[in-house]
Amino acid sequence: MIVIAHRGASCYAPENTIPAFVAARECGATMVELDVRQTADGAFVAMHDASLRRTTDVCRVFPDRRPWRVGDFTLAEIRRLDAGSWFGTRFQGERVPTVQEALGVLRHNRLRALVELKAERPDPTLPTRLARCLRSDPYWGEESGRLVVQSFHRGAVRQLARLVPEAHFAVLAPTYGAFALAQVAEYAKFINPHFLRVRPSLVRYAHSLGLEIFGWTVNGPKATRRLVRSGVDGIITDFPDRVAMAVRTGWERRIRGTAFLTVRHDRTAGRMRTVPRSNRRTSNG
């Protein structure tokens, strides 16, 4: 079970910033999800919202640039913004990192990367530019599974899969029909639905097609247990330490519950069943 820190450990540090990525490792995550948007001059920065307003002081620095969309600012302008004070005074002065800076921190902390491409509308040139950015560091192509790229835009995912074959890819979508899943399996490795849409039947069918599933965004113990029981391959969460503990505890309980069970053929029922080992017949009869 992979624990993925949503926008870094975003419950403990400002989302999509270097402190959040570092905290993810400290919280027991093995992978970090970060959002990627393009600036006016073609750079890629870690930012979830289309607007800079919620997580920076852009309103104060550039009061006349409403609605403060990421794509309307150059990288140099975004570098001037404070991306930490909104979360707490301890993070005052934190900057919006570029994708290269974010990936560098993940590499240093031996964390895998789940990069989500954000775009308000399809742009046929965007995947090519992002592919060039992602391939600038060969580390992310040296080992399968280190880098996963996801998006709600299936066309962009399909195009990126051709441009960066060493990475893995995931599709985000509100629904997953059988036909759609079979198509996704042709170019992607993952489908990542909202946790409320995860069902054991969906997980089983996805696995039969060779697809893996990460559920998002899971922050409570009840939802965590439900996804573990459903058989997902990873959980995306704002609280990686809590989910890691819940997953670990759940597996320990499962192991303890089955450690003294054995498989035995029930002749009356015509099937296999598990029974306590103490009930087994010994070798001497």
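For reference, positions follow the sequence shown, starting with 1.
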Does any part of the side chain of Leu103, heavy atoms only, come nearer than 4.5 Å to the side chain of Leu134, both counted from C-beta? yes
Test log, rule side chain to side chain contact (heavy atoms under 4.5 Å, CB included), inputs Val149 and Val157: CA-CA 8 Å; Val149 183; Val157 174; over 6 Å; no
N-O pairing of Glu116 and Arg37 below 4.0 Å: no
Rounded to the nearest 0.5 Å, what separates atom CG in Leu160 from atom OG in Ser151? 8.0 Å
Main-chain N/O of Val61 paired with Arg80 side-chain donor or acceptor, under 3.5 Å: no
For Ser10, what residues pass the side chain to side chain donor-acceptor pair (under 3.5 Å) criterion, not counting sequence neighbours? Asp238
Residues two or more places apart in sequence or in another chain: which of them pass ring-ring contact (aromatic ring centres under 6.0 Å, His included) with Phe239? none
Those residues that, when tested against His108, pass side chain to side chain donor-acceptor pair (under 3.5 Å) (two or more places apart): none
Taking Leu111 as the starting point, is it possible to reach Val148 by hopping between hydrophobic residues whose side chains are less than 4.5 Å apart? no
Under 4.5 Å between side-chain heavy atoms, counting indirect links through other Ile/Leu/Val/Met/Phe/Trp/Tyr residues: same cluster for Ile191 and Phe179 or not? no
What's the spacing between Leu52 CG and Asp57 CG if we round to 0.5 Å? 10.0 Å
Using the test ring-ring contact (aromatic ring centres under 6.0 Å, His included), find all partners of Phe44 that sit at least two apart in sequence or belong to another chain. none
Gap between atom CZ of Arg65 and atom OG of Ser51 - 0.5 Å precision: 12.0 Å
Could you measure the distance from the OG1 atom of Thr55 to the NE2 atom of His48? Nearest 0.5 Å is fine. 10.0 Å
Could you check if a side-chain atom of Thr17 sits within less than 4.5 angstrom of a side-chain atom of Val96, using non-hydrogen atoms only? no
Test of understanding: with salt bridge (Lys or Arg N to Asp or Glu O under 4.0 Å), list the residues that count as partners of Glu186, not counting sequence neighbours. none
For Phe214 and Phe190, what are the C-alpha separation, side-chain angles and deciding distance, and is it a ring pair (Phe, Tyr, Trp, His ring centres under 6.0 Å)? CA-CA 7 Å; Phe214 293 163; Phe190 299 84; 4.8 Å; yes
Which residues share a ring-ring contact (aromatic ring centres under 6.0 Å, His included) with Phe87, sequence neighbours left out: Phe91
For Glu101, check salt bridge (Lys or Arg N to Asp or Glu O under 4.0 Å) against everything at least two apart and list the hits. Arg79
Which residue pairs pass the ring-ring contact (aromatic ring centres under 6.0 Å, His included) test with at least one member in residues 4-23, sequence neighbours excluded? none
For residues Val45 and Val36, determine if any side-chain heavy atom of one lies less than 4.5 Å from a side-chain heavy atom of the other. no
Would you check if there is a donor-acceptor pair between the side chains of Asp41 and Thr39 at a distance under 3.5 Å? yes
Under the criterion side chain to side chain contact (heavy atoms under 4.5 Å, CB included), I'd like the reasoning laid out for Thr30 against Arg110: C-alpha separation, chi angles, the key distance, then a yes or no. CA-CA 8 Å; Thr30 54; Arg110 302 173 68 86; over 6 Å; no
Polar side-chain atom of Thr56 near backbone of Arg53 as donor-acceptor pair, under 3.5 Å: no
Test of understanding: clusters of I, L, V, M, F, W, Y form through side-chain heavy atoms closer than 4.5 Å, transitively. Do Phe195 and Leu181 belong to the same one? yes
Any donor-acceptor pair under 3.5 Å linking the side chain of Asp82 with the backbone of Ser85? yes
Would Val115 and Leu147 satisfy side chain to side chain contact (heavy atoms under 4.5 Å, CB included), going step by step from the backbone distance to the final call? CA-CA 8 Å; Val115 176; Leu147 174 64; 3.8 Å; yes
Taking the cut-offs as 6.0 angstrom to the six-membered ring centre and 45 degrees off its axis, would you call Arg146 and Tyr139 a cation-pi pair? yes
Please give me the minimum heavy-atom distance between Ala113 and Leu106, naming the atom from each residue. CB-CD1, 3.7 Å
Going through the distances and angles, do Ser208 and Arg204 end up as a side-chain hydrogen bond (donor to acceptor under 3.5 Å, both in side chains)? CA-CA 6 Å; Ser208 74; Arg204 287 194 299 270; over 6 Å; no
Please report the closest heavy-atom contact between Gly145 and Arg112, naming both atoms and the distance. O-NE, 2.8 Å
Same cluster for Val198 and Val184 if Ile/Leu/Val/Met/Phe/Trp/Tyr side chains link at under 4.5 Å? yes
Can any side-chain N or O of Arg135 pair as donor or acceptor with the backbone N or O of Leu163 at less than 3.5 Å? yes
Looking at residues at least two apart in the chain, or sitting in another chain, which of them share a salt bridge (Lys or Arg N to Asp or Glu O under 4.0 Å) with Asp241? none
Are any side-chain N or O atoms of Thr217 and backbone N or O atoms of Ile236, one a donor and one an acceptor, separated by less than 3.5 Å? no
Can you give each donor-acceptor pair under 3.5 Å made by side-chain atoms of residues 68-75, sequence neighbours left out, with the distance rounded to 0.1 Å?
from: Trp68; atom 1: NE1; to: Phe62; atom 2: O; distance (Å): 2.7
from: Thr74; atom 1: OG1; to: Glu77; atom 2: N; distance (Å): 3.2

Under the side chain to side chain contact (heavy atoms under 4.5 Å, CB included) rule, what do Val32 and Leu114 come out as? Steps first, then yes or no, please. CA-CA 6 Å; Val32 166; Leu114 175 60; over 6 Å; no
Verify whether one side chain among Asp123 and His153 offers a donor that lies under 3.5 Å from an acceptor in the other. no
Measure from the side-chain N and O atoms of Asp233 to the backbone N and O of Ile213, and report whether any donor-acceptor pair falls under 3.5 Å. yes
On a heavy-atom basis, which atom in Ala13 and which in Pro19 lie closest, and how many Å separate them? CB-C, 3.8 Å
Reported OG1-to-CE distance for the pair Thr224 and Met1, which is rounded to 0.5 angstrom: 9.5 Å
Under 3.5 Å, is there a donor-acceptor pair linking the side chains of Arg132 and Ser136? no
Work out which heavy atom in Asn192 is nearest to a heavy atom in Leu172; give both atom names and the distance. O-CD2, 2.9 Å
Crowded around Arg90 CZ? As in, over 12 foreign heavy atoms under 6.0 Å? no
Honestly curious: do Ile235 and Val171 fall in one hydrophobic cluster under the side-chain, below-4.5 Å linking rule? yes
List the atom of Pro124, the atom of Gln159, and the distance in Å for their closest heavy-atom pair. O-NE2, 3.2 Å
Please list, chain by chain and in numerical order, all residues satisfying ring-ring contact (aromatic ring centres under 6.0 Å, His included) with His194, sequence neighbours excluded. Trp216
Salt bridge (Lys or Arg N to Asp or Glu O under 4.0 Å) partners of Arg7, counting only residues at least two apart: Glu15, Asp35
Which atom of Gly210 lies closest to which atom of Lys189, heavy atoms considered: O-NZ, 3.8 Å
Side-chain donor or acceptor of Trp86 paired with backbone N/O of Ala83 under 3.5 Å: yes
From OG (Ser144) to CD (Glu166), nearest 0.5 Å: 10.5 Å
